[in-house]
> 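Structure in structure tokens, see below.
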Amino acid sequence: MRHEVLEFLAPRAGGRYLDCTFGGGGHSRAILTAAADTQVVALDRDPAAAARGAILDEEFAGRFALIRRNFGGLGEFDLGSFDGVLFDLGVSSFQLDDTSRGFSFREDAPADMRMDPGSGVSAAQWLETATTEMLVRAIRDFGEERHWRRVVRALEAARTTGLLQRTGSLAAVIAEAIPARDRRTGKLHPATLSFQGLRIAVNDELGALERALPAAFDRLRSGGVLCAISFHSLEDRMVKQLFRRWCGQPLSADDATPQQFRTRVAEPLTRRPVTPGGAEVAANLRSRSAKLRALRKL
């Protein structure tokens, strides 16, 4: 949704922008080329992003900087203020396509799933030690897997067998826990939702987003724009509720707080989330679940 992001950010000559999710660098490049002398500071916890960042650093000398940090720690270091901030959440195509990283079960690989392989524990280690409550949260809440009870029981039973160590055997354990009728009729591989939930848990993706959104808003200059692209309902809900709070809007249908008691520090640029058009989905199927929300700081 690069075109839509640029429409909302509207990069101006000499403007300063923060790309909290560098990934392949597509959004950073678009901002750098949208107007003269724009500057971009980008964050990415994945060490593999450094090589892609070096290309932009050489091409846009003095205008681009990539910092190897998790955006969840944005509130802990001073980067100055910005005219626009962008989050493009979830796992990047580079991470998905590198089967050795363990995000996918298309090919057998160590079950790692870490966005920063040098930090924290791998999915395989996490699965061997996670409490039942942690597993339920990952599979039921983060993965939104309907058969979460069966999957959790299967994962606990597979501990110490070696079956949780590699993506192929892990996917098989999960798939076998799904009732046969759903394995046959489902559009997705039976392990897809559980892999998503495990990845979110291993990387503390929702916790990082909860910490980063307020820190990003604080770093916006007056009139600055905050954009967030989400691919998961829990991410989108968090973005939606924070945006509504900052815009002085009810958080839900049950929110009866009188308007005079609301604090309005931003204006919405999207009344409803912007979704990709048919042409973009056809060109990039992974974009089909994307939702873009944007606001302007007053």
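FYI, the numbering just counts along the sequence from 1.
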> Run the side chain to side chain contact (heavy atoms under 4.5 Å, CB included) check on Met115 and Phe103 step by step: do they pass?
CA-CA 9 Å; Met115 292 180 176; Phe103 289 105; 4.2 Å; yes

> OG1 of Thr21 to CG of Asn70: how many Å apart, nearest 0.5 Å?
11.5 Å

> Under the side-chain hydrogen bond (donor to acceptor under 3.5 Å, both in side chains) test, which residues partner Arg29, sequence neighbours left out?
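Expected list: Glu59.
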
> Please list all pairs meeting ring pair (Phe, Tyr, Trp, His ring centres under 6.0 Å) that have one or both residues in residues 2-44, counting only residues at least two apart or in different chains.
Phe22-Phe64

> What I want to find out is whether Asp182 reaches Arg146 closely enough, with some N-O distance under 4.0 Å, to be called a salt bridge.
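A salt bridge links Asp182 with Arg146.
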
> Any salt bridge between Arg199 and Glu205, counting N to O under 4.0 Å?
yes

> Please list, chain by chain and in numerical order, all residues satisfying ring pair (Phe, Tyr, Trp, His ring centres under 6.0 Å) with Phe195, sequence neighbours excluded.
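Partners of Phe195 under the ring pair (Phe, Tyr, Trp, His ring centres under 6.0 Å) test: Phe105.
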
> Can you tell me which residue pairs pass the ring pair (Phe, Tyr, Trp, His ring centres under 6.0 Å) test with a partner in residues 121-155, sequence neighbours excluded?
none

> With Asp98, which residues qualify under side-chain hydrogen bond (donor to acceptor under 3.5 Å, both in side chains), at least two apart?
Ser100

> Sorted by first residue and then second, give each side-chain hydrogen bond (donor to acceptor under 3.5 Å, both in side chains) pair with at least one member in residues 112-121; sequence neighbours left out.
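Matches after skipping sequence neighbours: Arg68-Asp116, Asp112-Arg114.
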
> Any sub-3.5 Å donor-acceptor pair from Gln165's side-chain atoms to Pro110's backbone N or O?
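A pair under 3.5 Å: no.
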
> Contact between Leu18 and Leu74 at the side-chain level, heavy atoms closer than 4.5 Å - yes or no?
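Yes, side chains in contact.
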
> Any heavy-atom pair between the side chains of Arg63 and Thr38 that's under 4.5 Å?
yes

> Any chain of hydrophobic side-chain contacts (each under 4.5 Å) joining Leu66 to Ile31?
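Yes; tracing contacts between hydrophobic side chains, which count when under 4.5 Å, links both residues.
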
> Is it the case that the side chain of Arg211 and the backbone of Gly72 share a donor-acceptor pair, with hydrogens and angles ignored and the cut-off at 3.5 Å?
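Side chain of Arg211 to backbone of Gly72, a donor-acceptor pair under 3.5 Å: yes, one is there.
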
> Please identify each residue that fulfils salt bridge (charged side-chain N to carboxylate O under 4.0 Å, His left out) with Arg244, with sequence neighbours left out.
none

> Determine whether Val121 and Val202 make a side-chain contact, defined as any pair of heavy atoms from C-beta on separated by less than 4.5 Å.
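Answer no - side chains too far apart.
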
> Below 4.5 Å, heavy atoms only, C-beta onward: do Glu145 and Arg150 meet side chain to side chain?
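Side-chain contact under 4.5 Å: no.
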
> Run the side chain to side chain contact (heavy atoms under 4.5 Å, CB included) check on Leu170 and Met113 step by step: do they pass?
CA-CA 12 Å; Leu170 172 59; Met113 300 192 194; 4.2 Å; yes

> Indicate yes or no: at least one non-hydrogen side-chain atom of Asp19 is less than 4.5 angstrom from one of Leu86.
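Result yes, sub-4.5 Å side-chain heavy-atom pair found.
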
> I'd like to check Pro190 versus Ile174 (side-chain heavy atoms, cut-off strictly below 4.5 Å). Are they in contact?
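No. Closest side-chain heavy atoms not under 4.5 Å.
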
> Sequence neighbours excluded, which residues qualify as side-chain hydrogen bond (donor to acceptor under 3.5 Å, both in side chains) partners of Thr161?
none

> Are more than 12 heavy atoms from other residues, nucleotides or ligands located less than 6.0 Å from atom CD of Glu156?
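More than 12 heavy atoms, drawn from other residues, nucleotides or ligands, come within 6.0 Å of this atom.
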
> Step by step, would you call Val41 with Arg16 a side chain to side chain contact (heavy atoms under 4.5 Å, CB included)?
CA-CA 8 Å; Val41 176; Arg16 193 164 185 264; 3.8 Å; yes

> Rounded at 0.5 Å granularity, tell me how far CG in Leu251 sits from NZ in Lys240.
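The NZ atom of Lys240 is 10.0 Å from CG of Leu251, to the nearest 0.5 Å.
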
> Sequence neighbours excluded, which residues qualify as salt bridge (charged side-chain N to carboxylate O under 4.0 Å, His left out) partners of Arg12?
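With neighbours one apart ignored, the set is Asp83.
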
> The criterion is salt bridge (charged side-chain N to carboxylate O under 4.0 Å, His left out); which residues satisfy it with Arg2, sequence neighbours excluded?
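Listed in chain order: nothing, the list is empty.
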
> Evaluate whether atom NZ of Lys291 has more than 12 neighbouring non-hydrogen atoms of other residues, nucleotides or ligands under 6.0 angstrom away.
no

> Please check if the side chain of Thr129 supplies one atom and the backbone of Gln125 the other of a donor-acceptor pair under 3.5 Å.
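Looks like yes, one N/O pair under 3.5 Å.
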
> Report the distance from atom CG of Leu155 to atom CD of Glu128, rounding to the nearest 0.5 Å.
10.0 Å

> Side chains of Leu206 and Glu235, heavy atoms from C-beta outward: is any pair under 4.5 Å?
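Touching, per the 4.5 Å side-chain cut-off.
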
> Would you mind telling me which of Leu269, Leu242, Asp236 makes a side chain to side chain contact (heavy atoms under 4.5 Å, CB included) with Arg293?
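For Arg293, the side chain to side chain contact (heavy atoms under 4.5 Å, CB included) test succeeds with only one of Leu269, Leu242, Asp236, which is Asp236.
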
> Any side-chain heavy-atom pair from Asp97 and Arg106 closer than 4.5 angstrom?
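With C-beta onward as the side chain, the pair touches.
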
> Name all residues meeting the side-chain hydrogen bond (donor to acceptor under 3.5 Å, both in side chains) criterion together with Arg101; count only those two or more places apart in sequence or in a different chain, and write none if there are none.
Asp46

> Taking ring pair (Phe, Tyr, Trp, His ring centres under 6.0 Å) as the test, write out the residues that go with Trp246, two or more places apart.
Phe217

